[in-house]
Amino acid sequence: MRAGRFLRRFARHRLAAASALLLLVLAVAAAAAPWVESWLGVEATGISLLDRFGPPSALHPLGTDELGRDVLVRLLYGGRVSLFVGVAAALASAVIGTGIGLLAGYFGGRLDDLLMRVTDGLIALPLLPLLIVLGAIDLTRLGIPPEVAGAEDASLLRIVVLVALFGWTTVARLVRGATLSARRRDYVRAAVAMGADSRRIMLAHILPNVAAPAVVATTLTVGNVILLESVLSFLGLGIQPPLPSWGNMLTNAQELVGTAPLLAVWPGLLIFLTVIAVNLLGDGLQDALDPRVVGKR
Amino acid sequence: MRTGIAALALAAALMGTPAFAAKDELVIGMTQFPSNWHPSMEAMMAKSYVLSMARRPFTAYDPDWRLTCLLCTELPALDKGTAEYETRPDGKQGIKVTYTINSKATWGDGTPVTTQDVLFTWTVGKHPQSGYANFDLFARDIVAIDVKDERTFTIHRDKPVCSYAEINDFEILPAHLERPVFEADPATYRNRSKYETDTTNPGLWFGPYRIAQVEPGSHVVLEPNPTWWGAKPAFKRVVVKAIENTAALEANLLAGQVDMVPGETGLPLDQVLAFEKRHGSRYNVFYKPGLFFEHVELNLDNPALADVRVRRALLHAIDREAVSKQLYDGRQPVAHNEISPLDRVHAPGYPTYPFDPALAGRLLDEAGWSERRAGVRHNAKGERLALEIMTTAGNRSREVLQQVLQAQWRQAGIEVRIVNEPARVLFGDTLEKRRFKSMALFAWISAPENIPRTILHSSMIPTEANNWAGQNYTGYRNPEMDRVLEDLEHVCAPEANRALWAKLQTLYAQDLPNLPLFFRADPFILPTWLDGVVPTGHLDSSTLWIETWKAKE
Amino acid sequence: MTRFLASRLLQALAVLLLMSFVITVLMTLMPGDPVDMMLAGNPRATPADAARLKALYGLDKPLLERYWHWLQAALAGDFGFSRLYAQPVLTILLPRLGNTLLLLGAAMALTLAVALPLGVYAARRPYGWADNAINLFCFAGISVPAFWLALLLILLFAVELQWLPASGLGPVGGEGWWQRLPYLVLPVASLTLASIGGYTRYVRAAMMGELRQDYIRTARAKGLGEGRVVWRHALRNATIPVVTIVALEFGALFSGALVTETMFAWPGMGKLIYDSIMGNDLNVALVALLFATLTTLAGNLLADAAYAGLDPRISFKGDGA
């Protein structure tokens, strides 16, 4: 019943629609990286010292970087990493946040107090410095086996886990608020009165009602995480080479910005476009799902 | 947005005339800011760069890598009678060395530099609670100091070392200012020293310049020191600015807010090469290869690396010449040994390992890594030839080099994974406790004619038992090498000494305890109007001769 | 009200205490102790040297004992010395705090000065082309990687046009505060561009909410001028959520200006916290991080107070979600 209205409202947001399309294109392109690689006949890790800073050519449509690697293919692989980090971290924090928000809002009382105090506490923490401390911690000292801690994509998982650990608070607060209002609805009261199982009520009756704010907040988180990854790369704590990410490609390019400005322009532009698209999409979703909710970035 | 534009216009108006017209001021931009100011507490390139303008050690290596006297009048020598072997009361052999302080040396507040300062410095240095970094120079190497008069003193050293004349790390302290502070409580002296609490006190300095103003984390201002005894410094003011981000530092240079970027703690080589191509005509850019030994440290406990054939193959498999040419424009020479060819003690004739993939392949076959599956070599037991290479995360130049090495080794059938850690983790723990699995890429920094005892002697392998002391992270043991290292300290007859140095380099090249890559070249970017800067290429910075720097007429 | 404040203060204290302990533990979990780092550059250091220095810095004692000593001294107002800078922690901290407050204060003031009119303007004609343009501008600001924006600003205004100094706190030897102004422009601009979007959107949303309220309709019906309705009545109420957000975000900004501080060589708190963590300077890291936490907590408290003070409809009972 509401689908039509949703679509109409969403379509009114032409920017949001365009953003969704752009994100789709980027995601598909990133997913297609290996095919592009073999189609062009180049290798993302293929270093060639003789082809440094090559201009665009048929073989390398966007030229080559400081090690003679194909910029286009690296951007696509970098997109995989950056988008994965953004989406995975946002989803993980959304799951945690929704769970905590539902429990707190539904059961109320002591549990609510406890969970909300924890949330307040976490919100009070200075996020970036904590990420720096945690980013430098020796994982093996926490009992994590060295094979996992030293794996090539450990830097990727570390960022996802850290963001999930600290990023769920926004979603939790929104979901709790929505749960509180959903609980007061008649059909939920009726379900409670009929003695339905709490888990069933939460999943079947409340969750659909709280999904909207959660979806919006999660969308916006994706953008923030992609930006955060670039900051961590700037500090040398981000995704480690040879795995490319837009963040580390941008960081690496800044020193050479005079010689090869395009090396910095492409990843910078992709980060910018992706984040702005994600934000516009979130904005559109928000208006479409619930025009009354006060904007939250 | 209108507000923003108005603000810009206002700012432009306030700036007025640009400040870089005056040639009686020199603005130096570095990537580090000295965190503290005591000359002996913690070694740090940025600190010694600034302090070298305001004070002088007794001895130092000059730009030609020869030991020279800066605060003393003449280097002590056996043939001049200022150095003499002696038998100490406990029956051991030692040597006594006599120095005379320059008669015009005066602290910035007018107090002469005397032997009282020497004695006080020794007292502080050997006090177990003072927190000196080079405690052993004061507490172990120096057995006694006799004072002859105000300016002349004799140091008794515990061993008859060949490098007896060198006391580069004996950083003299002003007794008249520091003694009361130290005596009040030696254990907290480090934090209460006037160098930290009263950095701009003229009495702490005696160089051509003295520190006049410190803005922590941002800049230091130096002004001429009126009591300086040497050539009159040319600038009314020297400003040292710290701009940590290298892209921002380059922008500052181009914007004219920084006059020069020194090689000691400035921009990375590849950035400067690119900079020179675009702006070389407006600046005086040059490169000084030196004693910064970029290499791959190997962990010889790794079964694959324990085999010398594998180590040689690793070196034959990488094309260092091509890397030097393509990445560094040939400015950064390939290293074939631990000793730099520019060092007086360098002795060519040792084996070298040029790029030779076929030979690398044969060596690996011989070592049992003969079967290639999906491009990666395996041995008879079915184990992969898979290694790991670590370096400091965020160091772009090394990350780039690392990826080149990885690609070239892959060609040879050696799988190498890159695992990087922040500097504090890599140096503070991983290397020191020998936790790195196979390889680590970093540089050793040394003085000329430095005996590499701490990195090659078998007693210097860090272990739990010796509290992780020593820097033989490799775990290299060779009794012959141990003997050479020990003999080098006291076999001083020129012929015999040279033979030992040659032996050391041959042993190193044969055993290949680590993989020599390059001798790092420090890039200097100077304004065309500046004259007299001579880079050193070692730990003693070019500012030790800053009084010769001047603006061209 | 008093009871509420008292309980919030107690909570804040508990959070601070917990934080100080957690930071100590985390810093210990980071590899490499300070003495090992100091000796890393010294080839001749022996085990005895390491042991001697560790005893000197009290590192030979167990974690809990060290923490207890720190806590006792800290409660007496002694935060110890910085390992890196060999100076009392507060001597290091306070000048940087001043720098940060100047930078952030200026950025915040400019942000609000631009965001308020922009947000109000957008809210009056929602979904018009101006609103869409403002919206796009807002999101653009939020979406640029901070160091990239900073570098672009430096390259444009300091290198190409040479209008503004590229970085630094102020001219060397400059006395008057006005001489520092040009140095503030670029860092403030880059912080402002990044935060303007968020605030404009808060203002817009709040204003749209207010303009739908009955009292506005009444005011309009009474024939009050549109400007007066918007700027005097609606904006006053719309300010409440905005003030709240300002208070809430200030703490985060306080420790989060690291990138801007690094790019513009502006020694502030963000950089100090980063350097002390990477340099294993526990005393400085502890106090600086606690300070950042304290600012955030104070911001939260202030937000609640502002909410209550500005809007009589809100009481401190109930869930307040």
Side-chain angles (χ1 to χ4, degrees), chain B residues 1 3-4 7-8 10-12 14-15 18-19 35-36 38 41-43 128-129 131 133-136 187 190-191 193 196-197 213 215-219 221 237 239 241-245 247-248 251-252 254-257 422-425 427-430 432 453-455 466-469 471, chain C residues 30-33 36-47 49-53 56 81 84-88 92 95-96 110 113-114 147 150-151 154-155 157-159 162-169 171-173 178-179 181-182 185 189 192 262-265 267 271-272 278-280:
Chain B
M1 255 333 339
T3 328
L8 286 178
L10 175 71
L14 284 168
M15 279 275 282
S35 45
N36 51 59
H38 193 286
M41 284 305 176
E42 209 170 342
Q129 285 184 306
N134 43 8
F135 173 73
D136 33 47
R190 177 185 136 83
N191 294 330
S193 158
E196 313 303 346
T197 58
Q213 191 206 332
E215 184 69 53
S218 174
H219 60 260
V221 181
R237 199 155 75 164
V239 180
K241 281 188 187 172
I243 300 155
E244 224 174 271
N245 182 274
N252 270 268
L254 289 170
Q257 266 130 30
R424 63 159 288 177
V425 183
F427 293 119
D429 199 71
T430 308
E432 199 169 79
R453 183 185 154 86
T454 53
I455 57 178
N466 74 6
N467 210 351
W468 311 108
Q471 295 175 327
Chain C
M30 291 169 75
D33 78 53
D36 290 338
M37 284 184 76
M38 284 172 73
L39 295 181
N42 178 13
R44 297 205 288 183
T46 61
D49 287 335
R52 179 174 53 83
L53 284 174
L56 195 60
F81 281 85
L84 227 50
Y85 305 97
Q87 298 209 358
I92 296 294
R96 275 141 174 116
L110 186 61
V114 180
F147 62 94
L151 191 61
I154 294 177
L155 288 177
F157 290 106
V159 178
Q162 305 228 342
W163 285 1
L164 291 162
S167 68
L169 281 174
V172 171
W178 63 89
Q179 287 177 301
L181 274 184
V185 175
T192 304
T262 308
M263 290 303 290
F264 293 101
K271 191 79 181 70
L272 182 69
M278 293 323 260
N280 210 337

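Order of the sequence lines fixes the chain letters, A, B, ..., with proteins taken first and strands second; residue numbering starts at 1 for each chain.
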- [ ] Give the member of C:A150, C:S167, C:P88 that has the highest number of heavy-atom pairs under 4.5 Å with chain B.
- [x] C:S167

Task: Shortest non-hydrogen separation from C:A265 to B:A242 and the atoms involved - done: CB-O, 3.6 Å

TODO: Quick one: closest heavy-atom pair of C:R96 and B:P216, and the distance?
DONE: NH1-CB, 3.7 Å

Open item on the list: Which atoms of C:L84 are under 4.5 Å from chain B, going by heavy atoms: the side chain, the backbone, both sets, or neither?
Closed with: both

- [ ] Kindly give the heavy-atom pair with the smallest separation between C:M263 and B:A248, and that separation in Å.
- [x] O-CB, 3.4 Å

- [ ] Heavy atoms only, distances under 4.5 angstrom: which of B:H219, B:H38, B:Q213 has the most pairs with chain C? Name it, please.
- [x] B:H219

Open item on the list: Measuring from atom CZ of C:F264 to atom CD1 of B:I243, what distance do you get when rounded to the nearest 0.5 angstrom?
Closed with: 11.5 Å

Task: Value rounded to 0.5 Å, distance of OH in C:Y85 from CD in B:E196 - done: 12.0 Å

Task: chain B contact via C:A158 - side chain, backbone, both or neither, heavy atoms under 4.5 Å - done: both

Task: Separation of B:L254 CG from C:I154 CD1 (nearest 0.5 Å) - done: 11.5 Å

Task: Contact class of B:R237 relative to chain C, heavy atoms under 4.5 angstrom - done: side chain

- [ ] Look at B:S35, B:S218, B:G217 and state which one has the largest set of heavy-atom pairs under 4.5 Å with chain C.
- [x] B:S35

TODO: Decide yes or no on side-chain contact (heavy atoms from CB on, under 4.5 Å) for B:N191 and C:Q87, but give the supporting numbers first.
DONE: CA-CA 6 Å; B:N191 294 330; C:Q87 298 209 358; over 6 Å; no

Open item on the list: For C:K271 and B:E244: C-alpha separation, side-chain torsions, deciding distance, then whether side-chain contact (heavy atoms from CB on, under 4.5 Å) applies.
Closed with: CA-CA 11 Å; C:K271 191 79 181 70; B:E244 224 174 271; 3.0 Å; yes

Task: Option that, when pairs with chain C are counted at under 4.5 Å, heavy atom only, ranks first among B:N36, B:T197, B:I455 - done: B:N36

